[in-house]
Amino acid sequence: MATGSLKKMASIDAQLRLIAPAKVSEDDKLVEYDALLLDRFLDILQDLHGEEVREFVQECYEVAADYDGNRNTEKLEELGNMLTSLDPGDSIVVTKSFSNMLSLANLAEEVQIAYRRRIKKLKKGDFADEASATTESDIEETLKRLLQLSKTPEEVFDALKNQTVDLVLTAHPTQSVRRSLLQKFGRIRDCLTQLYAKDITPDDKQELDEALQREIQAAFRTDEIRRTPPTPQDEMRAGMSYFHETIWKGVPKFLRRVDTALKNIGINERVPYNAPLIQFSSWMGGDRDGNPRVTPEVTRDVCLLARMMAANLYFSQIEDLMFEMSMWRCNEELRVRAEAQRCAKRDAKHYIEFWKQIPSNEPYRAILGDVRDKLYNTREHARQLLSSGVSDVPEDAIFTSVEQFLEPLELCYRSLCDCGDRPIADGSLLDFLRQVSTFGLALVKLDIRQESDRHTDVLDAITQHLGIGSYKEWSEEKRQDWLLSELSGKRPLFGPDLPKTEEIADVLDTFKVISELPYDSFGAYIISMATAPSDVLAVELLQRECGITHPLRVVPLFEKLADLENAPASVARLFSIEWYRNRINGKQEVMIGYSDSGKDAGRLSAAWQLYKTQEELVKVAKEFGVKLTMFHGRGGTVGRGGGPTHLAILSQPPDTIHGQLRVTVQGEVIEQSFGEEHLCFRTLQRFTAATLEHGMHPPVSPKPEWRVLMDEMAVIATEEYRSVVFKEPRFVEYFRLATPELEYGRMNIGSRPSKRKPSGGIESLRAIPWIFAWTQTRFHLPVWLGFGAAFKRVIQKDAKNLNMLKEMYNQWPFFRVTIDLVEMVFAKGDPGIAALYDRLLVSEELQPFGEQLRVNYLETRRLLLQVAGHKDILEGDPYLRQRLQLRDPYITTLNVCQAYTLKQIRDPSFHVKVRPHLSKDYMESSKPAAELVKLNPKSEYAPGLEDTVILTMKGIAAGMQNTG
């Protein structure tokens, strides 16, 4: 493109409008938002790197848009030739530009969705996207809907105040965006929202526009690439930052909205401050399954850090609360306590100035002043333990239990109510009480997760040291007998002379850390790869042997298909043990894994088996009089059990939630759920409302004939999936060549290795990189493989089955959600892009195999649309279709750049003709080879290639809005 031709080109705004679908509603502003952000970005790009770079970026966009419009594969080759002609520094600039533009497009979408949600609230009208009744849960609308279903307000209130949703934040490495960039994106989102406010003045608009440009430039100038992997402590700090920024204040704000919704249905009573509606847990620093970086020391550090953060958050609020509590009327109980505390402080050696300033007629401040002092000491106690391992703060000067913390606050609340000041009590004090009840002294409860084999190794070392044989070689019955015998006895099993490998010491030291830290720091002990009752009993015994006075509840995790099938029988055997039934006191938690079950058997079979397993587990629990809580280990992507929260909950089997829900919030989903105040509010509302609705108005159960058909299809789907993934001898080599799986680890987005074991094939690969690799190439094989074969076989067997499948889609929430999510994945897919990877990266003898898979893809998509009764993909969701079409040219450019860059990395004989250097000002381009080697000195790739391929992976992840 000739220099200066930019002035003759249509603006990016016009280009966007040419490729964008028509407005889908009168309030649609997405194209306008998108165009504004991208125009600003291109202006900045030109200022920083020159007109030629801007022209090149726009030309790439045009070629990609041409491909997306007509699927002419020659355009992909043209685009590839353009991108491979860049010198290393220019390649990074262009790749970074498209990655940034995709992030800006995502921000435009978020602002548009928030805008339309506000419009809906104002108009009280319908609208059919993610905020519609099919995917959203408004708490007030849910309460009113339940009343229309003949529930009384009192029944609704009783169910609501007794239900619990526990959101478990995990450090699964799927958040590819650095925290510093996420914060800048948040400020861009705020600027864009304010720019379109109705009451904005010209001066405000100018200042906001300047701020917008400043933040866009700051984001572009920030290195997107993590140069070193995060530590588990880094992951924990990143996760905890969401509490500081949104969750801490979001919880009381949400509970106030629940109060308002209840009032609007005739309940003039607030949700009790100690009602456990929302709870938070974490795996950050506790999930040691296959992660050698999570050591006992790490677990200790993250617990103390969380306690220090909690005390600091309370401390930062207590003085504001004291300032408000200036009232002098109080009940006798509080007056006596306040005077006693004042005297105690006056008699102390150091009567601090603060206490002299509290007048005697302000008793609430006296009580809260003591709370303030103890919070300060509590924070210092945790800080000293964290830094040096010892603390000189006496235990009687700190809060050691949440009950101790709540007591003076409850006293203030009672006193205000007794004196006719209930409205004051229900202000900031109630908010504070709700925060204490929700977050406690630990901020979040840390779950511990460990693989069952690691416990087996410890017990084997013990039995061999005792000279009674090898625990590993014992039958399940013999293991249970021995474990129960030891659990019923009192003798110690081992002493300091127990021979320990490094792995055994790690397991035992973890139990020791649990015994030394406050018990309220911990939640559950999760056993991954659990298969038998002895796996649970083993952890119970090790907890006792290591001196844990408040044992953690032990939760078996059933992941693979066979484990899920055997789970009901395994849990029944566990409940048959009298010692264990007495131990659990009528309550049991079971975790089911969506990620590994999908990787093991494919999405269709896994989804159906998860559904059936939950039904059977509930039946078993009822037989033994046990209340069961299901812990859903869902990921962010469809391939790992992801999907809209509302739909995910309401498609669960009847009677499997009953007001008790635990679910993981993983990786990039944490930012999507809690990154902004309105996102936090939406997340809490969705989980609370959908859980309530599922319990009070369960979804329909499948008809017997639907079950029979699903069973038949699941067998076919599993057979098809495993015949390709595990039995096809060409598959592993094809997978490693056709995707960036081998390059995944270079992103440094998590502390955990991508494999449970250093060696091994697909079975040892973690579910996240498995899904990630296929998402990058737009082929999404783990999601759809098996569906087509199942549909085709049952329809060929009996033409009436097609009508039954359509009936299932229209009447059964579980089946509809399953199909709709796969349809959404097909909307993001592109077999033409996958074919480009094959042509460039896959050996000639393997290319027919890839072509065969793409034929399967197209046939599956055709059958899926037939079952759903749709002519086109996403015909029922024009908003999502519009958003995907706007993102396509950016993603296509990054896909082509990634495929050709991988070709250069993997094939030294692949030569390209490099055009003259374009950018006028770029650190990495001025001296390409030397400077780029300095930037990434450990890379064995040619200068610039590693950064380019990582930037493409991050950009595509942003475009797909999923990493793994």
Side-chain angles (χ1 to χ4, degrees), residues 59-86 91 94-95 98 724-725 728-744 772-782 784-785 826 828-861 888-914 941-942 945-946 948-953 955-956 959-960:
E59 190 175 353
C60 289
Y61 177 93
E62 290 173 339
V63 175
D66 280 348
Y67 166 75
D68 291 319
N70 55 36
R71 292 297 189 258
N72 180 357
T73 55
E74 292 179 2
K75 291 295 179 181
L76 295 180
E77 188 171 351
E78 179 185 344
L79 187 56
N81 290 334
M82 291 170 62
L83 292 166
T84 52
S85 71
L86 297 171
S91 178
V94 171
T95 308
F98 276 92
V724 173
V725 174
E728 169 56 62
R730 300 171 292 177
F731 181 78
V732 173
E733 184 183 1
Y734 173 80
F735 167 61
R736 298 240 154 94
L737 291 174
T739 72
E741 183 262 329
L742 294 172
E743 290 75 18
Y744 166 79
F772 170 88
W774 292 110
T775 302
Q776 288 282 300
T777 64
R778 312 271 291 278
F779 200 44
H780 307 286
L781 177 138
W784 58 263
L785 184 60
F826 274 121
K828 293 183 177 183
D830 186 344
I833 294 292
L836 175 69
Y837 282 80
D838 274 19
R839 182 171 63 79
L840 291 174
L841 305 172
V842 173
S843 59
E844 192 173 335
E845 59 270 21
L846 286 175
Q847 291 195 11
F849 178 61
E851 179 60 32
Q852 178 186 337
L853 289 175
R854 288 191 292 279
V855 169
N856 191 341
Y857 173 101
L858 294 172
E859 175 71 357
T860 300
R861 185 173 66 181
D888 273 348
Y890 309 115
I891 305 172
T892 294
T893 304
L894 290 169
N895 275 128
V896 172
C897 184
Q898 183 181 95
Y900 276 88
T901 304
L902 289 172
K903 177 71 172 176
Q904 290 175 269
I905 287 172
R906 297 176 185 180
D907 184 359
S909 66
F910 181 69
H911 296 292
V912 294
K913 184 178 180 181
V914 178
Y941 300 158
L945 294 185
E946 178 162 339
T948 298
V949 79
I950 293 172
L951 286 168
T952 64
M953 289 193 280
I956 293 167
M960 294 285 101

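The first residue of the sequence shown is numbered 1, and numbering continues consecutively from there. When reading the values below, keep in mind they use all heavy atoms of this one structure, side chains included, and skip hydrogens, waters and symmetry mates. Keep in mind that this is a model prediction, so the values were computed, not measured.
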Would you please test Thr893 and Tyr61 for side chain to side chain contact (heavy atoms under 4.5 Å, CB included) and show each step? CA-CA 7 Å; Thr893 304; Tyr61 177 93; 5.7 Å; no
Step by step, work out the side chain to side chain contact (heavy atoms under 4.5 Å, CB included) result for Thr948 and Cys897. CA-CA 8 Å; Thr948 298; Cys897 184; 3.7 Å; yes
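For the atom pair OG1 (Thr901) and CE (Met953), the distance works out to 10.5 Å, reported to the nearest 0.5 Å. Distance check: Leu902 CG to Thr739 OG1 gives 9.0 Å after rounding to the nearest 0.5 Å. Of the inter-residue distances, the one linking Ile891 atom CD1 with Leu894 atom CG reads 8.0 Å to the nearest 0.5 angstrom. With rounding to the nearest 0.5 angstrom, the OG1 atom of Thr777 is 9.0 Å from the CD1 atom of Ile956. Summarising the geometry, atom OG1 belonging to Thr892 is positioned 8.0 Å from atom CG belonging to Leu79; distances are rounded to the nearest 0.5 Å. From Arg839, atom CZ reaches atom NZ of Lys903 across 9.5 Å, with rounding to the nearest 0.5 Å.
Looking at residues two or more places apart in sequence or on another chain, you find no side-chain hydrogen bond (donor to acceptor under 3.5 Å, both in side chains) involving Asp888. Shown here are the side chain to side chain contact (heavy atoms under 4.5 Å, CB included) partners of Asn856, two or more places apart in sequence or in another chain: Glu720, Trp784, Leu785, Thr860. Looking at residues two or more places apart in sequence or on another chain, you find a side-chain hydrogen bond (donor to acceptor under 3.5 Å, both in side chains) between Tyr837 and Asn895, Gln898. The salt bridge (charged side-chain N to carboxylate O under 4.0 Å, His left out) test applied to Glu851 returns Arg854, not counting sequence neighbours. Under the side-chain hydrogen bond (donor to acceptor under 3.5 Å, both in side chains) criterion, Thr95 pairs with no residue at all, not counting sequence neighbours. Annotation: side-chain hydrogen bond (donor to acceptor under 3.5 Å, both in side chains) contacts of Tyr734 (sequence neighbours excluded): Asp838.
A pairwise comparison of heavy atoms in Ala773 and Pro740 identifies O-CD, 3.8 Å as the closest pair. Of all heavy-atom pairs between Tyr900 and Glu77, the closest is OH-CA, 3.8 Å. Here the closest non-hydrogen pair linking Leu858 and Pro831 is CD2-CG, 4.0 Å. What you find for Val94 and Leu86 is that their closest heavy atoms are CG2-CD1, 3.8 Å. The two residues Glu728 and Arg730 make their nearest non-hydrogen contact at OE2-NE, 2.8 Å. Considering every non-hydrogen atom in both Ile833 and Tyr67, the closest pair reads N-OH, 3.8 Å.
Contact annotation: the side chain of Asp66 never approaches that of Asn72 to less than 4.5 Å [non-hydrogen atoms, C-beta and beyond]. Using a 4.5 Å heavy-atom cutoff, the side chains of Phe849 and Val842 are not in contact.
Using modelled atom types, one side-chain atom of Thr952 and one backbone atom of Val949 make a donor-acceptor pair closer than 3.5 Å. At least one donor-acceptor pair under 3.5 Å links the side chain of Lys828 to the backbone N or O of Met960. Ser85 contributes a side-chain N or O that, together with a main-chain N or O of Met82, makes up a donor-acceptor pair within less than 3.5 Å.
Using bins of under 30°, 30° to 60° and over 60° for the plane-to-plane angle, the ring pair Tyr857/Phe826 lands in the perpendicular bin.
A salt bridge is defined here as a Lys NZ or Arg NE, NH1 or NH2 lying under 4.0 Å from an Asp or Glu carboxylate O, and Asp830 with Arg71 meets this definition.
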